[in-house]
Asks: 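Mind having a look at this structure? Questions to follow.
Counting starts at 1 for both ligands and their atoms, in listed order. We number each residue from 1, following the sequence as shown.
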Amino acid sequence: MDVFRLAHPDDAAAITEFTRAAQAGLTTVPRNRERVDAYIEATQRFLAGEASANRLLFVVERDGVVMGISGIIPKLGVERPFYSFKRSRHARHSSQLGLRTEYETLQLTTDFDGWTELASIYLAPEARGQGVARLLSLGRLCFVEAHRALFDDRLMADIRGWVDEAGVSPFWEHVTSKFINTDFEIADRLSANDGRFIMELLPSLPILMNLLPDAARICAGRPHEISRGAMNLLMGAGFEETELCDIFDGGPAISCRADATLIARTVRGVESYRDGPQRLMAFSGAAADFRATLTSGDVAQGHVSEAAQALGDVRIALAQDRRNGQ
Ligand SMILES: CC(C)(COP(=O)(O)OP(=O)(O)OC[C@H]1O[C@@H](n2cnc3c(N)ncnc32)[C@H](O)[C@@H]1OP(=O)(O)O)[C@@H](O)C(=O)NCCC(=O)NCCSC(=O)CCC(=O)O
């Protein structure tokens, strides 16, 4: 059985083993032992009531082997403002010339300050394509549902933005690097710790998108191919697209109210179960004892798998939305 739980110090070596290969651009994925240790230490401090620690790292374990990680940042904007670009549409019309023009602007904002972020999903390459990602992703929504007081009622996720075959981000090349004139990897790494340079260097004035090459313009809000699965899982669990995107690679920010996730809706009975077997999330316990697993059953008929019942005082939620097949 695959089990979703909080990471603890004994997991650090196994996590570093597979996150070591993660590419730049996955800003919140800890890629070396030092950062893995720091993430786990923050997790323990946050659970002990130290709000400034502000990070929770989870793992999915199969038969004692850690296969992947995911995270929650309980409150954005605590250590520094959380910057995004907000896309706005503008239209102009000239009756004199009979011409109409439309353009978009990007404006630096801190709209997500105070929100809770879902971040850092990463699965060992050999464990991909087996459904584990759904548990890694939705397990966090179960944790939020079980610990509502720890989180904001607005949830967001910053999906990695599109890059070309050479790994180059057109958005970075044509937009952000014009103001932050350094390597993407350097800026990305620095921003994970201290992002003061963002406010110091990025303009507070709107950036006119129609002056950009198409290759860069279409990257505002466009996800990286390898991150579509991560986005798809959250969109299937109630998240929606927003007008905001990442300031480095233009990746889309998606959001959902905490009480509108698929997990919250089914746990609270806002959404009823249909007849027949369905994919389910089962979760129980709190804090370090919290456990979630992916299972199936026919809840309408009262049938839930033994694996789920083994969790003890279990709560059940839909793990797949009936509307879009997710
Ligand atoms: C993202 C994950 C964890 C996803 O794991 P898997 O590859 O095993 O996913 P999967 O099970 O194959 O796919 C998950 C679900 O999305 C669907 N799916 C997969 N690829 C798709 C695509 N291109 N378009 C549409 N749907 C797609 C699958 O059918 C599946 O649904 P069914 O189960 O119905 O078949 C992994 O690929 C990974 O570690 N990638 C590298 C790191 C990364 O890019 N992380 C995301 C960065 S963005 C981020 O971190 C913030 C968001 C967050 O933390 O959640």
Asks: Any side-chain to backbone donor/acceptor pair from D152 onto T116? Under 3.5 Å, distance only.
Replies: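 It does not hold such a pair.
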Asks: Return a yes/no value for G129: is any of its N or O atoms, backbone included, closer than 3.5 angstrom to an N or O of ligand 1?
Replies: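 Yes; at least one N/O pair falls below 3.5 Å.
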Asks: Is it true that R279 lies under 4.0 Å from ligand 1, counting heavy atoms only?
Replies: yes
Asks: On the 0 to 90° scale, with breaks at 30° and 60°, tag the F248-W172 ring pair as parallel, tilted or perpendicular.
Replies: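 Judged by the thresholds at 30° and 60°, the geometry between F248 and W172 is perpendicular.
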Asks: What part of M231, side chain from CB on, backbone N/CA/C/O, both or neither, has a heavy atom under 4.0 Å from ligand 1?
Replies: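 It is neither; nothing of M231 touches ligand 1.
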Asks: Does even one non-hydrogen atom of S120 get within less than 4.0 Å of ligand 1?
Replies: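 Distance cut 4.0 Å: S120 passes for ligand 1.
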Asks: Side chain or backbone, does I159 bring an N or O within less than 3.5 Å of an N or O on ligand 1?
Replies: no
Asks: State whether E243 and R89 are salt-bridged, where the test is any N-O pair (Lys NZ or Arg NE/NH1/NH2 against Asp/Glu carboxylate O) under 4.0 Å.
Replies: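 Between R89 and E243 there is a salt bridge, with a charged N closer than 4.0 Å to a carboxylate O.
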Asks: Is the F151-H147 ring centre distance short of 6.0 angstrom?
Replies: no
Asks: Got a salt bridge between D259 and R154, using NZ or NE/NH1/NH2 to carboxylate O under 4.0 Å?
Replies: no
Asks: State whether the shortest distance between N or O atoms of R134 and N or O atoms of ligand 1 falls below 3.5 angstrom.
Replies: yes
Asks: Between S70 and Y122, does a side chain to side chain donor-acceptor pair (under 3.5 Å) hold up when you go through it step by step?
Replies: CA-CA 6 Å; S70 62; Y122 192 88; over 6 Å; no
Asks: Based purely on interatomic distance, does D158 place a nitrogen or oxygen under 3.5 Å from a nitrogen or oxygen of ligand 1?
Replies: no
Asks: Is ligand 1 under 4.0 Å from a heavy atom in the side chain of R140, in the backbone, in both, or in neither?
Replies: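 It is the side chain that touches ligand 1; the backbone stays farther off.
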Asks: Check R134, R291, R62 against D2 for a salt bridge (Lys or Arg N to Asp or Glu O under 4.0 Å) and give me the one that passes.
Replies: R62
Asks: Is H224 close enough to touch ligand 1? Criterion: a residue heavy atom under 4.0 Å from a ligand atom.
Replies: no
Asks: Out of L26, V29, N232, L135, whose heavy atom sits nearest atom 16 (O) of ligand 1?
Replies: N232
Asks: What pair of heavy atoms forms the shortest contact from A253 to T242, and how long is it?
Replies: O-OG1, 2.6 Å
Asks: Does L233 reach ligand 1 with a nitrogen or oxygen that is under 3.5 Å from one of the ligand's nitrogen or oxygen atoms?
Replies: no
